[in-house]
Amino acid sequence: MYGDINASVHQGAVQFLGEQALAADLRQRSVKHQITGGFHRIDDEAAAFGQFGVRSAQQCRRHLGLDHGEGAGTGAYNKAGLIGGHATLVFCITIKVGTWPQRHPRVKSRPAKRKGFDVIVLGIETSCDETAAAVVDDTRRIRSNVVLSQFDEHRPFGGVVPEVAARAHLEHVDGIIAQAMKEAGVSFAELDCVAATTGPGLIGGVLVGAMSAKAICVAAGKPFVAVNHLEGHALTVRLTDDVAFPYLLLLVSGGHCQLLICQGVGRYTRLGTTIDDAAGEAFDKTAKMLGLGYPGGPLLEKAAEGGDPLRFDFPRPMAHRPGCDFSFSGLKTSVRRAVETLGGSLDAQTVSDLAASFQCAVAETLVARTRKAIDMARASHPEITHLVVAGGVAANRAIGGALSDLAASKGMTLVKPSPALCTDNGAMIAWAGLEHFRLGHTDPLNFKARPRWPLDPDAPTAAFAGVKA
Ligand code: KG4
Ligand code: ZN
């Protein structure tokens with residue numbers, strides 16, 4: 001990656017630090033130093049580059065959308081320090097190519113020869129436990145889609161540890177981007193823009209991906225597109241199946257569980273949301289309770305295969321409530337009580353039965369709430385014909401089957417991306433970036449990472465809802 005960056009800017013700035021120095025920042029300094037000291041180094045370099053008008057770490061942070069207020073209470077400031085190496089890279093390249101402090105990087109003219117497509121985008125995803133990059137073009141062709149899951153890093157802790165995730169993204173993001181570019185057979189210069197998840201998600205990881213994208217944008221003179229991770233999931237079916245707006249979306253992931261009418265790019269109406277746990281979170285916590293380990297969702301689905309879904313009579317939360325909000329924490333508690341009642345170690349068949357009964361309760365709950373949402377959506381948008389399910393939990397076959405039956409009973413078509421495009425990946429971010437780019441939407445380099453970023457900012461807070469609404 002540095003080779004390309006070196007080639008696309010005037011040599012001076014990168015040589016000033018040298019590849020080794022940048023690599024040392026990114027990989028070889030102690031983690032503690034990275035967390036606490038990343039920006040002190042920028043002060044040194046700022047002194048050297050004062051002639052360009054950038055004089056302090058504080059100024060550098062501001063131009064990159066990193067400041068003290070961002071993500072207050074989440075430790076974002078320290079995590080900004082963690083990616084000091086990337087900040088330094090962006091900083092040096094930016095001032096050298098002379099784009100600082102413009103709001104948009106200089107856009108080079110597009111290469112004249114294009115074979116059968118008009119727009120091509122690199123997408124970077126680092127919001128949770130997958131480091132991913134992909135290249136997608138506007139013929140809906142996925143040129144490359146490289147995903148590195150952090151299962152080994154988080155398994156000892158039984159779940160995703162934000163700091164561990166951020167460090168793993170930092171370690172791998174450059175290599176994953178380089179691989180995606182190589183597999184796609186394109187250079188940075190051939191891209192139309194670079195898109196990255198800038199929220200919602202674990203802020204340390206989000207910053208790593210967003211800063212990497214900004215660095216490439218500056219070096220290669222390309223526009224930056226800040227992508228909402230949820231919109232990445234929401235628009236995936238337009239990449240895979242060319243689904244037209246409007247459609248009804250059930251978005252079920254590790255952090256979210258929502259029903260939305262997708263009316264257009266950037267235009268979403270939320271009909272329902274979870275008031276406590278997300279569906280994927282319920283899978284993960286239940287899997288942990290059953291001793292199935294991490295990642296919980298797929299392991300629980302596997303355990304449920306030989307199980308009896310009728311052995312345990314778990315509740316169908318919110319069944320009699322109006323509207324289509326969700327709640328999963330009571331279901332999780334019921335599983336815990338059942339486990340406690342059984343006492344001692346559970347035999348394999350009991351674990352399977354518990355898993356199958358839990359999965360059945362989740363599937364029926366999702367179906368019941370989605371049935372209501374279909375009626376609500378049709379009242380305002382009678383032309384809706386497609387029900388879309390997206391996000392990691394959409395990879396679950398039992399849930400997919402139940403939703404397919406629901407869609408058929410309502411005269412609708414269910415569209416579900418392939419399992420690899422349900423869970424987090426770079427292609428969905430590249431595609432969402434591409435959709436925005438071709439509408440003329442790009443973002444300034446100081447676009448801030450957002451730990452929370454609702455798709456429908458006007459949606460009222462759900463009754464009794466916690467922070468995930
Ligand atoms: O969309 P995603 O990859 O990341 C987030 O945006 O959160 O979703 C991850 C979630 C995790 O909670 C994971 O356990 C769940 O999706 N998941 C599944 C399955 N595959 C992934 N849940 C149930 N069954 C699956 N096969
Ligand atoms: Zn996701």
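Counting starts at 1 for both ligands and their atoms, following the listed order.
- Contact between Cys128 and ligand 1 is absent, with no heavy atom of the residue lying under 4.0 Å from the ligand.
- Those atoms of ligand 1 that come under 4.0 Å of a heavy atom in His233, given as number and element, are 1 (O), 6 (O).
- Distances from the Zn ion (ligand 2) show that His229 has an N/O/S atom below 2.8 Å.
- Nearest heavy atom pair, residue Ala234 against residue Leu249, reads CB-CD2, 3.5 Å.
- Comment: Arg270 does not engage Asp456 in a salt bridge, judged by the lack of any side-chain N to carboxylate O separation of less than 4.0 angstrom.
- Counting atoms of ligand 1 from 1 in the listed order, those under 4.0 Å from a heavy atom of Gly280 are 12 (O).
- Using the six-membered ring where Trp is involved, Trp453 and Phe447 have ring planes that are tilted, between 30° and 60° apart.
- In this structure the side chain of Glu231 reaches within 4.5 angstrom of the side chain of Val265, judged on heavy atoms.
- The closest protein non-hydrogen atom to atom 4 (O) of ligand 1 is Asp424 OD2, 3.0 Å.
- The closest protein non-hydrogen atom to atom 7 (O) of ligand 1 is Gly254 N, 2.8 Å.
- Atom 12 (O) of ligand 1 has Asp284 OD2, 2.7 Å as its closest protein atom, hydrogens excluded (heavy atom only).
- Distance NE2/His256 to CG/Leu230: 4.5 Å, rounded to 0.5 Å.
- Under the 4.0 Å criterion applied to side-chain N and carboxylate O atoms, Glu183 and Arg143 are not assigned as salt-bridge partners.
- The closest protein non-hydrogen atom to atom 24 (N) of ligand 1 is Asn396 ND2, 3.1 Å.
- Applying the 4.0 Å criterion to heavy atoms of His229 picks out, from ligand 1, the atoms 6 (O).
- Remark: among candidates Pro200, Gly392, Ala278, the nearest residue to atom 1 (O) of ligand 1 is Gly392, based on non-hydrogen atoms.
- Heavy-atom contacts of Gly255 reach the following atoms of ligand 1: 7 (O) (cutoff under 4.0 Å).
- Between Val135 and Val121, every side-chain heavy-atom pair lies at or beyond the 4.5 Å cut-off.
- Of all N, O or S atoms in Asp424, the one lying closest to the Zn ion (ligand 2) is OD1.
- By the 30° and 60° cut-offs, the orientation of the rings of His229 relative to His233 is perpendicular.
- With hydrogens and angles disregarded, a donor-acceptor distance shorter than 3.5 Å links the side chain of Thr365 to the backbone of Ala361.
- Side-chain atoms of Lys222 come within 3.5 Å of backbone N or O of Leu191 as a donor-acceptor pair.
- Which of Ala282, Gly297, Cys422 comes nearest to atom 25 (C) of ligand 1 through a heavy atom is settled by distance: it is Gly297.
- With respect to atom 26 (N) of ligand 1, the closest heavy atom belonging to the protein is Glu301 OE1, 2.7 Å.
- Metal site remark for the Zn ion (ligand 2): His256 contributes no N, O or S atom at a distance under 2.8 Å.
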